[in-house]
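As structure tokens, the structure follows; a few thoughts come after it.
Order of the sequence lines sets the chain letters (A, B, ...), proteins ahead of strands, with each chain counted from 1.
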Number of protein chains: 2
Amino acid sequence: MSIVARNKNSKPRVTVKDLARDLGMSVSTVSRAFHADAVIAKDTRDVVLNRAREIGYSPNPFARSLITKKTRIVGVVVADITNPFYPEVLTRLTTELRAIDMNVMLVAADQSGEVDQALRLLLNYQPDLAIILAATLSSEAAQECRKAGTPVIFFNRLSADDHAFGISCDNILGGRSIADYLVDTGHRRLAYIAALADASTNVARHRGFSERAVERGLAAPVVIEAGQFSYHAGYEAARKLRDLKEMPDGVFCANDILAIGFLDGVRRELGLGVPDDISIVGFDDIEMAHWPSHGLTTVQQPIEKMLEATVSLAKELGTNAGKEPVVQMIPPGSVIERATTRRRHHG
Amino acid sequence: MSIVARNKNSKPRVTVKDLARDLGMSVSTVSRAFHADAVIAKDTRDVVLNRAREIGYSPNPFARSLITKKTRIVGVVVADITNPFYPEVLTRLTTELRAIDMNVMLVAADQSGEVDQALRLLLNYQPDLAIILAATLSSEAAQECRKAGTPVIFFNRLSADDHAFGISCDNILGGRSIADYLVDTGHRRLAYIAALADASTNVARHRGFSERAVERGLAAPVVIEAGQFSYHAGYEAARKLRDLKEMPDGVFCANDILAIGFLDGVRRELGLGVPDDISIVGFDDIEMAHWPSHGLTTVQQPIEKMLEATVSLAKELGTNAGKEPVVQMIPPGSVIERATTRRRHHG
DNA sequence: CTGAAAGCGCTTACAG
DNA sequence: CTGAAAGCGCTTACAG
């Protein structure tokens with residue numbers, strides 16, 4: 001009801017000009033103090049930086065990036081947030097990127113078509129880098145990134161597009177070591193519970209598992225399609241065990257959350273004992289896998305190393321934006337044996 | 001090894017100037033086409049917008065915000081990511097803010113002191129709004145926001161600072177309705193498993209629960225301090241039941257993830273039957289609460305409405321940045337009865 | 001080592 | 001309704 005609206009609700013921010021005037025220096029000199037590689041007397045820099053702290057000045061990142069064409073923003077697209085693996089990756093990634101002074105602009109994509117859309121929005125902000133978590137891009141969208149000069153990293157996925165970077169666990173190796181583990185512990189009838197059909201993680205884990213099982217002299221594992229990386233999908237997949245001619249004795253589920261759903265399904269819907277009747281192995285080693293109620297045997301994803309690789313790549317791309325895309329495959333940990341598997345003896 | 005470094009790895013982006021030249025119009029006119037409330041002939045606007053789409057122009061948000069002082073960025077600080085409640089809130093919030101053309105800049109804070117720090121970093125980007133998920137701010141940090149003209153919303157927390165907005169479930173009411181439920185179903189010895197001592201959610205749920213229990217003629221519920229909103233804390237809290245003089249028959253845990261840990265602990269460490277020996281109620285209704293292996297009786301947080309309120313507040317603050325801070329309390333759903341509680345009969 | 005000047009890509013009074 | 005001009009807060013050749 002007041003006549004004069006208070007439009008200026010904030011004090012105007014202090015700018016280079018203010019600081020320069022305050023110090024009796026030129027704007028250029030003040031500006032240089034904030035760039036590690038600028039030519040400026042050490043004393044001058046110290047004076048500027050100290051005074052800046054006192055009066056609360058820091059350079060406006062927007063004005064800066066208008067000129068430098070660097071935004072220090074990394075656009076992160078996250079899709080499959082229902083998998084507890086990703087919240088952890090997301091927060092740790094955010095934290096570690098902050099440490100190299102990069103900021104995360106987050107876009108969520110519920111459905112797969114939205115990933116393209118999400119990335120386009122992000123591109124408006126001209127991120128120095130885009131990271132795609134748990135999803136892939138259409139090749140058109142990938143090309144748009146290239147046009148915009150934004151490098152793309154696929155995290156935990158391999159992309160069809162070979163102009164993008166990839167950082168992923170070596171899922172074939174992981175699948176193979178699970179096959180070895182199950183064979184070594186006396187399992188003879190293997191099954192694979194498949195998740196998202198076109199996810200590279202799903203495909204590679206299956207492939208490694210299957211190939212190695214055959215190499216070790218077993219029949220190729222039976223496949224049950226769960227369709228998703230989710231608890232619910234795993235639970236439902238357990239029901240499908242009934243349709244099998246022969247009950248498997250060792251089951252590898254595409255990831256932990258799927259395995260946990262499957263585990264619950266096997267116990268509750270089929271009334272089978274785990275590990276007594278059937279052994280179950282997951283992939284990821286999420287926190288829930290340690291819970292006493294599950295005690296899931298699984299393989300650890302090398303998150304630590306994957307994050308390290310991502311951050312150092314981000315850093316490198318900062319100085320060398322033209323770097324040729326490469327895919328880094330990081331070997332997973334070995335099988336962590338818990339309570340969902342046991343050795344089987346044969347007469 | 002090439003002699004000329006390819007520094008310009010991206011084609012320069014198309015700017016207003018390019019588009020203006022292309023259309024034979026002034027830069028001003030082109031610019032106006034992108035502002036709904038600008039004075040411009042409808043036909044002109046259509047021509048500009050169409051051509052813009054063709055050549056892939058969209059206004060540089062940085063240059064724009066340099067002038068408008070609006071960034072359309074909302075800074076989100078997330079702390080307690082281990083609670084599965086928050087990933088969902090975060091992604092949905094991101095998605096819904098996108099729908100009103102606002103972008104999320106994410107900062108993660110592992111420890112509580114980091115929240116202040118995180119927010120300060122965010123403030124550099126002059127977000128139009130800051131949303132704090134599952135945490136509070138020191139009053140100094142809150143004041144810095146005020147100085148910078150950035151409104152702050154505490155989501156799912158009440159803040160000590162009364163200059164901030166708050167959007168929260170009515171936790172007192174929630175606590176009360178759980179007390180009513182337990183009393184109505186014949187429970188006589190209540191206990192509360194407390195989480196983070198200074199979290200407003202924890203305090204209010206406890207208070208509502210305790211007050212109502214007394215109103216209904218019971219002794220004040222025994223309190224076991226779990227200290228955290230986490231599975232692990234809940235599991236450990238179950239052990240402490242042993243120290244109690246009398247075993248409670250109805251237990252309210254500060255939230256679902258705590259309740260699930262507690263549930264597992266009660267079953268595995270104490271060998272007690274749930275719900276036969278003891279009833280357990282959580283708070284949140286996270287997805288995991290539906291899982292057949294838990295079937296947790298709980299109260300639903302009104303996420304939908306909380307998000308709605310947040311988004312509409314964000315919208316309103318866009319046109320009226322000086323709005324007086326208010327706290328909105330949204331009533332929770334009623335108790336959802338599942339498999340961790342049962343009616344008790346007394347002789 | 002420092003300063004004056006141009007310019008990044010926009011928006012917005014101000015004229016017309 | 002449209003255009004020319006100023007200016008947002010910076011950085012960076014270019015001189016000195």
Inset, instruction - For D/dA13 versus D/dG9, give the span between their P atoms, rounded off to a whole number of Å. - result: 23 Å

Legend entry - Sidechain-backbone polar pair: B/D18 side chain, B/T15 backbone, donor-acceptor under 3.5 Å: yes

Legend entry - Heavy-atom closest pair, residues B/A134 and B/A79: O-CB, 3.7 Å

Legend entry - Pairwise distance CD1(A/I303) to CZ(A/F155) - rounded to 0.5 angstrom: 7.0 Å

Legend entry - Pair listing, salt bridge (charged side-chain N to carboxylate O under 4.0 Å, His left out) test, anchored in residues 135-144 of chain B, at least two apart: B/R120-B/E144

Inset, instruction - Represent DNA chain C in dot-bracket notation, 5' to 3'. Only Watson-Crick or G-U wobble pairs with both distances under 3.5 Å count; pseudoknot-style crossings use [ ] and interstrand partners use |. - result: |||.||||||||.|||

Legend entry - Shortest non-hydrogen separation from A/T136 to A/F154 and the atoms involved: CA-CE2, 3.7 Å

Legend entry - DNA chain D contacts among residues 42-57 of chain B, heavy-atom distance under 4.0 Å: B/T44

Legend entry - For DNA chain C, the residues among residues 16-38 of chain B that have a non-hydrogen atom under 4.0 Å from it: B/V16, B/K17, B/V27, B/S28, B/S31, B/R32, B/H35

Inset, instruction - Supply the atom-to-atom distance A/S312 OG to A/I167 CD1, rounded to the nearest 0.5 angstrom. - result: 7.0 Å

Inset, instruction - Please figure out whether A/T68 or B/I67 has its closest DNA chain D nucleotide nearer the 5' end. - result: B/I67

Legend entry - Inter-nucleotide P distance (C/dC1, C/dA5), Å rounded: 24 Å

Inset, instruction - Report the residue from A/K315, A/K70, A/R72 that forms a salt bridge (Lys or Arg N to Asp or Glu O under 4.0 Å) with A/D101. - result: A/R72

Legend entry - Name of the residue among A/L97, A/T71, A/I73 meeting side-chain contact (heavy atoms from CB on, under 4.5 Å) with A/M102: A/L97

Inset, instruction - At the 4.0 Å heavy-atom cut-off to chain B, mark where contacts on DNA chain C begin and end, going 5' to 3'. - result: C/dC8 to C/dA13

Inset, instruction - Using modelled atom types only, decide if a donor and an acceptor are shared between the side chain of A/T150 and the backbone of A/P127 within a distance under 3.5 Å. - result: yes

Legend entry - Any donor-acceptor N/O pair, A/R45 side chain to A/H35 backbone, under 3.5 Å: yes

For residues 55-67 of chain A, dump all side-chain donor-acceptor pairs below 3.5 Å to protein atoms at least two apart in sequence or in another chain.
residue, atom, partner, partner atom, Å
A/S58, OG, B/N124, OD1, 2.6
A/N60, OD1, A/F62, N, 2.7
A/N60, OD1, A/A63, N, 3.3
A/S65, OG, A/P61, O, 3.0
A/S65, OG, A/F62, O, 3.2

Legend entry - A/A141 versus A/L119, closest heavy-atom pair with distance: O-CD2, 4.5 Å

Legend entry - Validation row: A/N103, A/R98 side chains within 4.5 angstrom (heavy atoms): yes

Legend entry - Distance, P atom - from D/dC10 to D/dC14, rounded to whole angstrom: 24 Å

